[in-house]
Amino acid sequence: MEEGQAASEKSVRESQHVCAGEQEYVQERKKIVLESLTSLGINCTEDSVPHIALLGSGGGQRAAVGLVGSLYQMEKDGLLDSVLYLGGVSGSTWSIAFLYSDPEWSVGMDRTTSRLTESEVELAEVLSWFGEREKEEDLSLSDIWGVVTSAGIMKQMDLRHLSEDTRRNATNPYPIYCAIERNCYKEGPTEGKWFEMSPHEAGFTELGLFVEASLLGSKFEGGRLVEKIPEMDMVQLQGVLGCALADEELLREIIPPHLNVPAHLHSAGGQYLRIYITIYKLMALIRSNVKNPRALSDLDKLQELLIETNRIHQSEFEGFELKSSEEKRNLLQQWTIKQLALMETWSLGLEEGNFKTHITFVIKKVLPLIVQWEWGTTRNFLSNYDNSSAPLCLTSRDTLNLMDAGLLINMPYPSFLGERRDIDLMIALEYSAGDMFETLTLARDYAAELKKPFPEIDEKVLEEKEWPKDLYVFEGKEKAPTIVYLPLFNRNNCKDADEVRERMEEFSTFQLPYNPAKATLLLETAKENMKRNKETLLKEISKAAQRRQDRQQ
């Protein structure tokens, strides 16, 4: 009874200000920032310490590795301790989660980079985690993707909880992880889309509706806690934050070339393509953790079978566009059944042992999730919540579906705009694919819609999107923050636009995990970008300090 009474006292926090826990951390962090600025020859007081946020974009492993390299160089150049906040979306959140598993990562970046390139995770450890996770009722494909991320890319299975970081001292910048809510993303207002998580709380940035981070996933009714559920671990969290594959439009863009699927099938063959691509990703993860030659040969055989089955289907593509909706649906359903049956038949022929046990687990537990195609499912703390600012697309559901924020804006600008965190300087590390300035213009439009200050962007700069410079400064005026913008591939490390495209293809967002040599090359590229621009960064940090001091007077 006492536990139930204690639970009912917990409720949704309504505020446009950061919580007390974050305020306390930031105040402690400012003491470190002040020492750093003093050592850099920048004069200010604790009251006028500038609010500097370092932002990492999405971009899969390219972003995850690139962010580690950038932070490494900032630490070596004495600039990292000037940063108050560290925010990320998608791939950058993977490395932020990875970094904060070490309580003192920002003073030991050599150790951090070696962990990224030298560590490995055993398949047995992955499946042991799955064995525990499957007992929970909200298992989804985000959990599968979390394992692919944690084990395959970040080389660790981090079982800590985000809320545990509240017990840390202010050695590191305060971390902000960003996501979006799928239902509002599809059909709701802009204010209901952006979702952020910190060690202290999680919630909707623009709505000002939050719960303690340890309670995200617990059961709420009308804004009151009714049942406390164990907090998701960092493996699950990474799956939620980086699950761009949850968006079927994006999924169609990364169909493996050897599948050779006609364009007109993309819109109709959702389930069939989802199953094929997800199996492909899972088999790649298993392959990277298997050393047995017989098992590797069996995986080769599976890929050959999948490709051959698809070739057989090619003959049935003829006239596909002319078929009725029901005929298309029936045909694709038949193909899906054949895929699943092929996997099961293949697994029966495997040699008895651990490998077969692992594969059987994947077929029985993971494939059904692929068929259902449910991502980022967590209990909704706004279920039946009576608040005029909360849209119906949130309050009418028992669950939230959190997913990759990069689908909206591939940089965590929304969490750092406006008065809430009152940022003076944003250092935006751009690892995105495609239009190099898209995150910037999307953020500008987002800010304009919500009437938040944003620096002016010279339209002529946008013409350099295919072959950008290595650094741009968009100076803030009045209440708008200054943005220092650093593209990963640029005129200093690529001779022309064609080489930028080649490098982006080489380090494409959706591919198998990098080998150590490839990861090291990307680390060095990111380090060199930061090293080359040290003086400009120092100048902008100094200007931010002066600006904050002027505002305080």
Side-chain angles (χ1 to χ4, degrees), residues 53 55-60 62-64 67 87-94 96 142 145 176-198 202-210 216 237-254 375-378 380 382 389-391 393-394 397 400-418 420-421 423 426 428-452 454 457 465 483 485 509-510:
L55 314 185
S57 78
R62 181 182 62 252
L67 180 57
V89 302
S90 195
S92 286
T93 64
W94 303 345
I96 296 174
S142 295
W145 190 235
I176 304 292
Y177 304 81
C178 301
I180 56 173
E181 207 289 316
R182 185 177 67 184
N183 299 305
C184 258
Y185 172 61
K186 297 290 185 182
E187 60 188 60
T190 299
E191 290 84 351
K193 299 183 194 307
W194 199 263
F195 193 92
E196 65 178 50
M197 292 171 249
S198 75
F204 292 91
T205 308
E206 307 301 346
L207 295 176
L209 299 173
F210 302 92
L216 180 62
L237 185 66
Q238 288 176 79
V240 167
L241 295 168
C243 59
L245 292 175
D247 183 66
E248 292 196 46
E249 292 300 320
L250 178 63
L251 188 71
R252 295 181 188 119
E253 295 177 11
I254 60 167
W375 292 79
T377 306
T378 191
N380 183 10
L382 295 180
S389 68
C393 61
L394 295 177
R397 292 180 166 87
L400 299 174
N401 289 96
L402 302 175
M403 61 188 212
D404 195 315
L407 295 167
L408 182 65
I409 301 175
N410 206 31
M411 185 78 81
Y413 289 112
S415 289
F416 299 98
L417 294 173
R420 187 161 177 260
R421 294 192 169 101
I423 301 300
M426 298 183 191
L429 305 176
E430 182 57 90
Y431 313 114
S432 301
D435 182 342
M436 193 52 62
F437 296 105
E438 183 180 40
T439 60
L440 195 65
T441 55
L442 287 173
R444 176 190 61 187
D445 296 345
Y446 180 96
E449 181 179 348
L450 298 178
K451 297 180 172 56
K452 294 190 175 184
F454 199 83
I457 302 171
K465 62 183 180 181
I483 297 176
Y485 198 74
T509 305
F510 298 100

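Counting only distance, with no hydrogens or angles, the side chain of Glu196 and the backbone of Gly203 share no donor-acceptor pair below 3.5 Å. Put simply, the side chain of Tyr185 never gets that close to the backbone of Met403: no donor and acceptor are under 3.5 Å apart. A donor-acceptor pair is defined here as one N or O able to donate and one able to accept, closer than 3.5 Å; no such pair exists between the side chain of Thr509 and the backbone of Gly60. In this structure a side-chain-to-backbone donor-acceptor pair under 3.5 Å is present from Asn380 to Leu394. Remark: the backbone N or O of Ser57 is paired with a side-chain donor or acceptor of Ser92 at under 3.5 angstrom. Not one N or O on the side chain of Lys465 forms a donor-acceptor pair closer than 3.5 Å with the backbone of Met436.
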Going through the distances and angles, do Leu216 and Phe195 end up as a side-chain contact (heavy atoms from CB on, under 4.5 Å)? CA-CA 12 Å; Leu216 180 62; Phe195 193 92; 3.9 Å; yes

Show your working on salt bridge (Lys or Arg N to Asp or Glu O under 4.0 Å) between Glu187 and Arg397 and close with a plain yes or no. CA-CA 13 Å; Glu187 60 188 60; Arg397 292 180 166 87; 3.7 Å; yes

Working note: Asp404 + Ser90, criterion side chain to side chain donor-acceptor pair (under 3.5 Å); need CA distance, chi angles, decisive distance, verdict. CA-CA 6 Å; Asp404 195 315; Ser90 195; 2.6 Å; yes

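With rounding to the nearest 0.5 Å, the separation of CD1 in Ile409 from CD1 in Ile180 is 9.5 Å. Within the model, atoms CG of Leu237 and OG of Ser142 stand 10.5 Å from one another, a figure rounded to the nearest 0.5 Å. In this structure, CG on Asn401 lies 11.5 Å from NZ on Lys186, to the nearest 0.5 angstrom. Atom OG1 in Thr441 sits 6.5 Å away from atom CD1 in Ile457 (nearest 0.5 Å). Leu241 CG to Leu402 CG: the interatomic distance, rounded to the nearest 0.5 Å, is 8.5 Å. For the atom pair CH2 of Trp94 and CH2 of Trp145, the computed distance is 5.0 Å after rounding to the nearest 0.5 Å.
Among all heavy-atom pairs drawn from Thr439 and Met411, the shortest one is CB-CB, 4.0 Å. The nearest pair of heavy atoms linking Thr93 to Cys178 is CG2-N, 4.2 Å. When all heavy atoms of Cys393 and Asn183 are compared, the pair lying nearest together is O-CB, 4.0 Å. For the pair Trp194 and Ala405, the tightest heavy-atom approach, listed with the atom from each and the gap, is CH2-CB, 3.7 Å. The shortest non-hydrogen separation linking Ala390 to Leu209 is CB-CD1, 3.9 Å.
By the 4.5 Å heavy-atom criterion applied to side chains, Ile176 and Met197 are not counted as neighbours. Using a 4.5 Å cut-off on side-chain heavy atoms (C-beta onward), Glu430 and Phe437 make no contact. Looking at heavy atoms from C-beta onward, Cys184 lies in side-chain contact with Pro391 at the 4.5 angstrom threshold. Proximity of Lys452 to Glu206: side-chain heavy atoms (C-beta onward) are separated by under 4.5 Å at one or more points. For the pair Arg182/Thr377, no side-chain contact is recorded, criterion being any heavy-atom separation below 4.5 Å from C-beta on. In this structure, the side chains of Ile423 and Tyr413 stay at 4.5 Å or more apart for every pair of heavy atoms. Side-chain contact between Leu55 and Ser415: absent, with no pair of heavy atoms (C-beta onward) separated by less than 4.5 Å. Phe204 places a side-chain heavy atom less than 4.5 Å from the side chain of Leu382.
For Phe454 and Tyr446, the gap between ring centers reaches or exceeds 6.0 Å.
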